[in-house]
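Here is the structure we will look at, set down as structure tokens.
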Amino acid sequence: MAEDPEHLRLGPIEVRLERVVYATVVLMSVLAVYDGWAELTSFLGVAIVILAPLVALAVAHLFSEVIEEHYRLQRPLTGAEWRRLASGQLKILVAAVPPLVILGLGWLSPLDERRTIAVLLWTGVATLVVLSLVAARRAGIRGWRLAVAGLSGGVVGLLVISLQVLLKPH
């Protein structure tokens with residue numbers, strides 16, 4: 001059976017690359033501008049800061065897709081259609097896995113919260129580079145163009161990190 005070109009397999013989970021990239025950028029943006037890190041004293045508190053924007057993003061996507069489907073189909077959705085749309089949004093939470101792993105490692109290490117957040121943001125940059133490379137490779141891009149494609153993910157990540165410098169200059 002041919003692999004679905006719109007989806008990427010991460011082990012047993014099939015995800016839309018577009019959703020993971022989008023969720024990673026949104027999450028990095030929140031982490032870059034969030035100002036309450038010093039008040040968070042538990043792993044759970046920081047995990048909620050990571051998960052909350054992704055849950056909001058999943059709800060926003062679900063809401064917009066339900067509206068689109070109602071408009072497109074010109075009828076109420078069936079239970080199966082609701083389940084399909086809802087389960088598709090849960091895959092956005094895949095973007096939380098790398099930051100939660102880094103958070104766990106940071107919590108166990110001697111890093112303070114500021115350094116752990118920096119590692120989280122740089123992990124986001126690396127994630128965008130890797131996802132850019134995966135897409136470019138699948139598109140048949142090779143050589144120096146492949147390197148440029150990977151760098152494009154890094155540039156997007158660096159733009160997001162620059163939000164922190166612009167919005168929180170302390």
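Since we're looking at a predicted model, the values are computed, not measured.
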Query raised in the report: Yes or no on side-chain contact (heavy atoms from CB on, under 4.5 Å) for I117 and Y34, after CA distance, side-chain angles and deciding distance?
Result: CA-CA 10 Å; I117 298 311; Y34 183 70; over 6 Å; no

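- In this structure, R72 pairs ionically with E69, as a charged nitrogen and a carboxylate oxygen lie closer than 4.0 Å.
- No side-chain heavy atom of E65 sits under 4.5 Å from any side-chain heavy atom of H70.
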Using residues 120-135 as the side-chain source, report each donor-acceptor pair under 3.5 Å to any protein atom, sequence neighbours left out, with the distance given to one decimal.
{"residue": "T123", "atom": "OG1", "partner": "V119", "partner atom": "O", "Å": "2.7"}
{"residue": "T127", "atom": "OG1", "partner": "T123", "partner atom": "O", "Å": "2.8"}
{"residue": "S132", "atom": "OG", "partner": "L128", "partner atom": "O", "Å": "2.8"}
{"residue": "S132", "atom": "OG", "partner": "G153", "partner atom": "N", "Å": "3.4"}

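- A heavy-atom distance below 4.5 Å is not found between the side chains of L158 and V155.
- With R83 contributing its side chain and G79 its backbone, the two residues share a donor-acceptor pair below 3.5 Å.
- From I92, atom CD1 reaches atom CZ of R16 across 10.0 Å, with rounding to the nearest 0.5 Å.
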Report task. Under the side-chain contact (heavy atoms from CB on, under 4.5 Å) rule, what do V59 and Q89 come out as? Steps first, then yes or no, please. Result -> CA-CA 7 Å; V59 169; Q89 307 318 314; over 6 Å; no

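- The CG atom of L31 lies 11.5 Å from the OG1 atom of T116; values are rounded to the nearest 0.5 Å.
- One finds the CE atom of M28 at 8.5 Å from the OG1 atom of T24 (value rounded to the nearest 0.5 Å).
- Side-chain heavy atoms closer than 4.5 Å link hydrophobic residues (I, L, V, M, F, W, Y) into clusters, and following such links, even through other members, never connects W82 to V55.
- Criterion: ILVMFWY side-chain heavy atoms under 4.5 Å apart, direct or through other members. Under it, V26 and L17 are part of a common hydrophobic cluster.
- Cluster annotation: V30 and V160 are assigned to distinct hydrophobic clusters (Ile/Leu/Val/Met/Phe/Trp/Tyr, side-chain heavy-atom contacts under 4.5 Å, transitive).
- When all heavy atoms of A136 and L146 are compared, the pair lying nearest together is CB-CD1, 3.7 Å.
- Once rounded to the nearest 0.5 Å, the distance linking CG of L90 with CZ of R19 reads 11.5 Å.
- Taken together through direct or relayed side-chain contacts under 4.5 Å among Ile, Leu, Val, Met, Phe, Trp and Tyr, L51 and V25 form part of one hydrophobic cluster.
- Within a 6.0 Å radius of CZ in R137, no more than 12 heavy atoms belonging to other residues, nucleotides or ligands are found.
- L73 places a side-chain heavy atom less than 4.5 Å from the side chain of E81.
- Grouping the Ile, Leu, Val, Met, Phe, Trp and Tyr side chains by contacts below 4.5 angstrom, directly or via other members, places L103 apart from V101.
- Closest approach of W107 to F43, counting heavy atoms only: CZ2-N, 3.2 Å.
- Summarising the geometry of I50 relative to L27, their closest heavy-atom pair is O-CD1, 3.3 Å, with the distance given to 0.1 Å.
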